[in-house]
Each structure stands twice: as C-alpha cells, then as structure tokens.
Participant: 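Starting off with a structure, shown below.
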Amino acid sequence: MAVLSKIRQKSALLIAVIGIALLAFVIGDVVRSTGGGLSRNIGSVDGEEINTQEFLHKVAQAEKQGQMSNTQAGVTVWNSEVNSILLTNEFAKLGLRIGKDQLVNVVRNNPTFANNPEFQNAVGQFDINKFNQFVAMMKSAGQEQWNQWLAYEKELEKAGLEQMYFSLVQGGIYTTAIEAKAAYANENNKVSFDFVTVPYSTVNNTEAAVSNDEIVDFMKKHANRFKSEPTRELQYAFLPSQPSASDKETVKETIEGYLKPSVQYNASTKKNDTIPGFKTVKDIETFVNTNSDIKFDSLYYAKKDLPLEYQEELFNLQPGQTFGPYIMGDYYCISRMLDKKAGQRVDASHILIGFAGSQAPGATRTKEEAKVVAEEILAKVKANPSSFAAEAMMTSEDPGSKNNGGKYEDIPRGQMVPSFDKFIFNNAVGTIGLVETDFGYHIIQVNDKKEGAKLATVARKIEVSDVTADELFTKAGQLEQNAATAKDFVATAEGLGFTTQKDVTIRPFEEFLPGIGNQRSIISWAFNKETKDSAIKRFDSADGHIIVKVTSKNDSGLAPVAEVKSIIEPILMNEKKAVIIRKKMAGATIQEVSNSSKASISTMSDVTTAAPLITNIGNEPLVVGTAFATAVNKDSKLIDGLQGVYMVQTKNVAKAPELPNYNSYKSKVENTVRGMAQMQILKVLKDNAKIKDNRIGVLQ
C-alpha cells in the first residue's frame, strides 16, 4: 500500500521541478529589471557603502547555510550589515577594542566551542590548550583554511565587541530612588472618585467621519510611528490548472479497462493474444509496473496506514478481491488484495543504554559498564512489566522515544536494525529481553502484533489534458485582454470563473500572496521601476494562470492608508465626537454635567495608576491620572478619555505607607529597562542614521 503513500512523494517531486523553473524565471527577471548589470553599491549607512557583489555573496552563503529562501537571506544579511555598520561606528567613537584574553573569553562562552567535546577537558570544561592546538592545526592546514579561520575570528571579535558595548550601556542604566518610589506608588497608591461619562458610541460615526487626507496628515505629524517601506496594492485573479470533469472521466475509463482482459496483437506470432485483466493476472508485479504511474511494492500495511476514507473497504478485502476505481489525491486507483498475515506490524517499547564507540549520542561509559546497567534494568522491568514506560523515561538514551515511554508503534519488518527486528517479530506479545545493536544495549518489550495487508495498486494520475490546458490558457488570455478596459476587474474575473483577491498590500521583500502562496516573481514585477500604476500582467505556471493589476503605488515612506486606517480612524473620530459630546456636558460641577447630559454619576474605589481600569468600561489612564491630580471633593475639568468624555470628583487618595527601602522596586525597574536596552539602542541608531536602500531591483 506504499503505492498510495508514494502519491504524495510524486507531488513533492513535481513541486520541486516547478520551483526550479520559477527560480530560472526569477533570475531572468532580475537581469531584465536591472538592465543586465548591477549598481556598485546596494545601499549605504551614514555614507558608508555596502558593496553589491559582496552583499550578494553573503546572501548566497546565508541562503545555503541557513536553509532559507533567497529573499529571506537578503533581508537577514541587510539587517546584519546595517546593524554592523551602526555598531562599528559606535565602537570607534568609544574607542572600544578587544584584547586576546577577552577574545578567548568570547570563544569560551561560544556554544560552538564550549559544548564541543573536542575542546573540553576530562570534567567537561572548556580547555584553552585544546583550543590553541586547534588554531595551530588550522594555521598549518594551508593558507585557504587559515584565511577562513581568520575571517571567523573577526566575526568572533565583532561579537565580543557587541557584547562589551551592550554591557557598557546596560551597566550605565541606573534607577534613582525617586524612580523606584514612583514605581511603588503607581502600584500601591489608590484613588476613589465619582465620575460621569458620555461614551463616544452615543455619537453616530457619520457625524464624525474621517477622510483619508486627515489620516495622511495624522501620519505626517507622527512620521516615526508610521514609517514604512514602499508598498504596492494589488488585485489579482487566479485560474488553477486543474483537470476538467472530462479529464477525470477519461482516466477513470482507462483504469476501469485494466480490470478486464484485453486483446493485443503479438508481432512474433502474428496473432492476437488475450491479456488477463487486473482481477485475474498472475504476474501482478509486472502488470502494476507496466500500467501504473506508481510502481509495485511488497510491504504489508496495518489497517490504520491505509487511506482513511477507504480503510474499511481495502482492509476487509479477501485475497484476490479488488476495489475501485477510487480517487486518492491526484490519482485514480484500483487495488487488489494479495495476502493477509498476522504479526506483520509490531508495537514495541525499548530502553537504550549506549556506550563509547556505539552510535548512541553522547555515550561515554564502557561497553562492559553499559551491559551491567542494561541487565539491572532488565531485571527490574521483568519483575514489574508495568514499570517499563516510567523506566524508559528515566533511563533510556534514545531521544526519539524516551518521552513516550520508549514506544514505537506499527513497526514494519526491516525498519529496525536486524537484531532488534528479529527479536520483536520472533517473540510473543509480552516478551521482555535484551538485545545488542550498533546503538548499544536495548531492553525491549513486545507490546502488540497486528495483522498486515499486502495490496497491489494501479494508480493513474489525473492530469490536465491538452484540450483543457488550451481552454484555460484562452480564458486567461481573455481576462488579460479585457482587464485594461473592465470597469470592475474583480467582477470580470469572477464572471470567467477565476478566484480573486483585492486590496492586497505588499512590501518589496515579501514572498507570499494570500490564496496563491509563494509568488516572488509577481512581487518583484510590482516593484520593478518599469511597472506603472494600473499595470496588468499575466503570470503562467504549472499551477495555473494569475492576472495581476497594480491598483496603487506608495513610495511616500509612510504606511498605506488602508493598513493603518483601523488604528488612526478611531483616534481622529473620537476627537471629533469629543467636541460634539462636550457641548452636551455643560456645567462646572459633576452634578451639573450629570443633569445637562442626563448621564448618571458612578463611583470607583481604590484604583491605581498601574491598573487604571474603570468597571464596565475598560482602561482609562488619563481619567485615573486626573483623579489622582484633583484635590479631594473637587471637580475636574472635562477629560477626553479612550472610551468617552468624563468629569471626575475625587473622594479619597490613599497613599501607600513608606517602605524602609525600595530596593526591590529599583531592581524591578532596572531589569525591565535593561532587558529592552539592546532593542531600543538599535532602533534609536537606525532612526537617527541616514540609510539608503537600493535593494529593489537587485534582490528579486
């Protein structure tokens, strides 16, 4: 039945082939978009250029070493280069240098060396002598290897300088006694007050409508909060390359034909031969390999390993019986039961005890010591078999099964190493024994044995026919041609049977588009300097046809309105609503405001600035802060809160008692600030740097 599981493997192979084709397309597009050449620098930081060729070389290395896409590698390397230049400039300003002893300390704390047994002494600690021997070996290995080591040493030096720099900054962070007292007061001072409020929700949104221009003006006033890479807004339509009903029926008819005998002309005898069908053919392996897109296999499968939707039908077949045609993934299949045997799948548990020289990871004991340990465990679990799982979790050295009580389920013949395999298949359920393999000593418990079914399956892939492909291509061409003049691109596409997406915002170095997955070539095209606003292009691949329209381009340096509207619109709308509400809340006292607005007076007790929550309303820090700042039994002015307009009358302010010292609060504040220091430093350095980014058009 591995035939059915191999269907998925075939699909993975197809995806890989498509990926290679797409990569070739993308490379070609890069050459076209850059005019066949590359600029000298891909960007600069405070006037220091980042060389394009060196950058692309690093991207290629990162892509290979980090198992990431080219785009992801490009973003990673760019951020690394920018951070490196910014920090190196800071090192120079401060005169930071790193000495030999400090570099050794960096190495000592680097997991690559610290956790490597080659650099550890007998008690598992870093051994500087072994490290020095390694460096000497690298130097004597030839100039190329020595240069590689020197380059790596520079990276270690840079890491050491960064560690030193951030430690200096964090060490300079100090919390004063006043700040510690303020933190204590925020958490423990309490205020009680009466309040009256008219919620913003009482004003209709249409009375306080906010325009896109107002949103843009707000972003300009708070530019640092709404900085953005260039963006493009797209609409696109996707027509998947899928077999038609007729294509499916054709494959079904073909597969049904294999069930019956057929007549073929024999050129040798010059006579027609009757070829047995799938139901009766004796050489089933040859028949499957001749007629199926997935080759024959002879494994026995447990019931649970068969396709879920056909489990009962397939497993309950008697030898010689057939089932199908049925659809499994992208294939039409017919299956014939060849044999059923008991004990073809085994559930077993084991405890692995490794020794030095075995394949068990990290094992250091001798073989003799390992055998003694294994025999002790064997005696324990034989005396109390129910303790096997707990013993495995405590003592087994197999990371793949110890957390599961040592269990492995549905083991087929031949999956385990020979001696392990022989033990579990040749012993009865409940047997516990000791076996040696290349991994060490195994204490094994046979938990269960299951019946296995051996099936022959002919699978034919349901593919898009040439006729269907031509129809899809024609339909895609029709939409591409009509898109430029269509009043509604999306409606036109949907009328032709395309699935659509509209108002999709993308950034230059993204890879995925909603609904259609990785489409790096489309994103590259959208940001190509030759691609104009309202441009339309068709993209064809093995997956189908995509027609894309650029509906807007944003190179302002600010986020697109659609993306931030849900954040900014409520702020501006509430400001307008506050003006309307204030007119209804006439009066100098809380009682007068209550009377004029017909809003009842409510009470809050023991509220802190650390948790400025108002019951049934939510977070209102400005309201609570105003209550603390207002004299007892006095009324505040009107307050524009987060949820409405308020007036408060302070009833009581209960200050927390003085503490003998505020060291715990001092430590708490310092730890919080220090924990954010590294991220904040880099943000400030970037915000104040002149960074030029020329990656668009190069990284495609």
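We count residues from 1, following the sequence as given.
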Participant: With a 3.5 Å distance limit and no angle check, can you tell me whether T52 reaches the backbone of I42 through a side-chain donor-acceptor pair?
Facilitator: yes
Participant: Return the minimal non-hydrogen interatomic distance between A689 and D46, and the atom names on each side.
Facilitator: CA-OD1, 3.5 Å
Participant: Main chain of A611, side chain of T608: is a donor-acceptor contact present, judged purely on distance under 3.5 Å?
Facilitator: yes
Participant: Atom CG in N694, atom CD1 in I50: separation rounded to 0.5 Å?
Facilitator: 9.5 Å
Participant: Do Q120 and N116 pair up side chain to side chain, a donor and an acceptor below 3.5 Å, judged on atom types alone?
Facilitator: no
Participant: Are more than 12 heavy atoms, taken from residues, nucleotides or ligands other than K407, located less than 6.0 Å from that residue's NZ atom?
Facilitator: no
Participant: If I take atom CG from residue N212 and atom CD1 from residue I568, how far apart are they, to the nearest 0.5 angstrom?
Facilitator: 10.5 Å
Participant: Spell out, as yes or no, whether a donor-acceptor pair under 3.5 Å connects the side chain of Q72 to the backbone of S69.
Facilitator: yes
Participant: Mark yes or no for whether K577, through its side chain, and V203, through its backbone, hold a donor-acceptor pair below 3.5 Å.
Facilitator: yes
Participant: Is the side chain of E592 donor-acceptor paired with the backbone N or O of A588 at a distance under 3.5 Å, no angle test?
Facilitator: yes
Participant: Does the structure place the NZ or CZ of R695 under 6.0 Å from the centre of the six-membered ring of F509, at an angle of no more than 45° from the ring's axis?
Facilitator: yes
Participant: For the pair R520 (side chain) and E511 (backbone), establish whether a donor and an acceptor sit closer than 3.5 Å, ignoring hydrogens and angles.
Facilitator: no
Participant: Do S396 and D398 have side-chain atoms, one donor and one acceptor, less than 3.5 Å apart?
Facilitator: no
Participant: Walk me through it: do T609 and N186 pass the test side chain to side chain donor-acceptor pair (under 3.5 Å)?
Facilitator: CA-CA 5 Å; T609 52; N186 285 342; 3.0 Å; yes
Participant: State, to 0.1 Å, how close N554 and A559 come at their nearest heavy-atom pair, and which atoms those are.
Facilitator: ND2-C, 3.8 Å
Participant: If you round to the nearest 0.5 Å, how far is NZ of K584 from OG1 of T202?
Facilitator: 5.0 Å
Participant: Count the heavy atoms belonging to other residues, nucleotides or ligands that lie under 6.0 Å from NE2 of H57, then report whether that count exceeds 12.
Facilitator: no
Participant: Provide the closest heavy-atom pair for V623 versus G641 in the form atom of the first, atom of the second, distance.
Facilitator: CG2-CA, 4.4 Å
Participant: Measure across V198 and A599 and return the closest heavy-atom pair with its distance rounded to 0.1 Å.
Facilitator: CG2-CB, 4.3 Å
Participant: For the residue pair V648 and D194, establish whether any side-chain heavy-atom pair is separated by less than 4.5 Å.
Facilitator: no
Participant: Can you tell me if K634 has over 12 outside heavy atoms packed within less than 6.0 Å of its NZ?
Facilitator: no
Participant: Report the C-alpha separation of V504 and Q501 in whole Å, then their side-chain angles, then the decisive distance to 0.1 Å, and conclude whether the side-chain contact (heavy atoms from CB on, under 4.5 Å) test is met.
Facilitator: CA-CA 7 Å; V504 176; Q501 293 279 349; 3.9 Å; yes
Participant: With the threshold set at 4.0 Å, does a side-chain nitrogen-carboxylate oxygen contact exist between E187 and K668?
Facilitator: yes
Participant: Could you walk me through whether F113 and F126 satisfy the ring pair (Phe, Tyr, Trp, His ring centres under 6.0 Å) test, starting with their C-alpha distance in whole Å, then the side-chain angles of each, then the deciding distance to 0.1 Å, before giving a yes or no?
Facilitator: CA-CA 8 Å; F113 300 101; F126 179 79; 7.3 Å; no
Participant: For S211 and D213, test the side chains for any donor-to-acceptor distance below 3.5 angstrom and give the result as yes or no.
Facilitator: no
Participant: Are the charged groups of E563 and R507 less than 4.0 angstrom apart, N to O?
Facilitator: yes
Participant: Could you check whether E670 pairs with K666 (Lys NZ or Arg NE/NH1/NH2 to Asp/Glu carboxylate O, under 4.0 Å)?
Facilitator: yes
Participant: Roughly how far, to the nearest 0.5 Å, is OG of S636 from CD1 of I590?
Facilitator: 7.5 Å
Participant: Write down the atom of Q170, the atom of R674, and the distance for their closest heavy-atom approach.
Facilitator: O-NE, 3.0 Å
Participant: Using the benzene-type ring in the case of Trp, are the ring centres of Y165 and F91 under 6.0 Å apart?
Facilitator: yes
Participant: For R582 and L638, indicate whether the former's side chain and the latter's backbone hold a donor-acceptor pair under 3.5 Å.
Facilitator: yes
Participant: Return the minimal non-hydrogen interatomic distance between Q649 and D635, and the atom names on each side.
Facilitator: NE2-OD1, 2.9 Å
Participant: Under 3.5 Å, is there a donor on one side chain and an acceptor on the other for D640 and Y200?
Facilitator: no
Participant: Using 4.0 Å as the upper bound for N to carboxylate O, is an ion pair formed by D687 and K683?
Facilitator: yes
Participant: Would you say K402 has more than 12 foreign heavy atoms packed within less than 6.0 Å of its NZ?
Facilitator: yes
Participant: Any side-chain donor paired with an acceptor under 3.5 Å for S401 and N404?
Facilitator: no
Participant: Rounded to the nearest 0.5 Å, what separates atom CG in N79 from atom CD in E81?
Facilitator: 10.5 Å
Participant: Could K154 and E157 be called an ion pair, given the rule that one side-chain N must be under 4.0 Å from one carboxylate O?
Facilitator: no
Participant: Once rounded to the nearest 0.5 Å, what's the spacing between atom CG of L572 and atom NZ of K565?
Facilitator: 11.0 Å
Participant: Aromatic rings H222 and F226: how do their planes relate, parallel, tilted or perpendicular, breaks at 30° and 60°?
Facilitator: perpendicular
Participant: Any ion pair linking R108 and D101 (charged N to carboxylate O, less than 4.0 Å)?
Facilitator: no
Participant: Counting distance only, does the side-chain N/O of N110 pair as donor-acceptor with the main-chain N or O of V106 below 3.5 Å?
Facilitator: no
Participant: K576 and salt bridge (charged side-chain N to carboxylate O under 4.0 Å, His left out): which partner among E214, E207, E569?
Facilitator: E214
Participant: Taking atom NZ as the centre, does K553 end up with more than 12 heavy-atom neighbours from other residues, nucleotides or ligands that are less than 6.0 angstrom away?
Facilitator: yes
Participant: Between T630 (side chain only) and T626 (backbone N and O only), is there a donor and an acceptor less than 3.5 Å apart?
Facilitator: yes
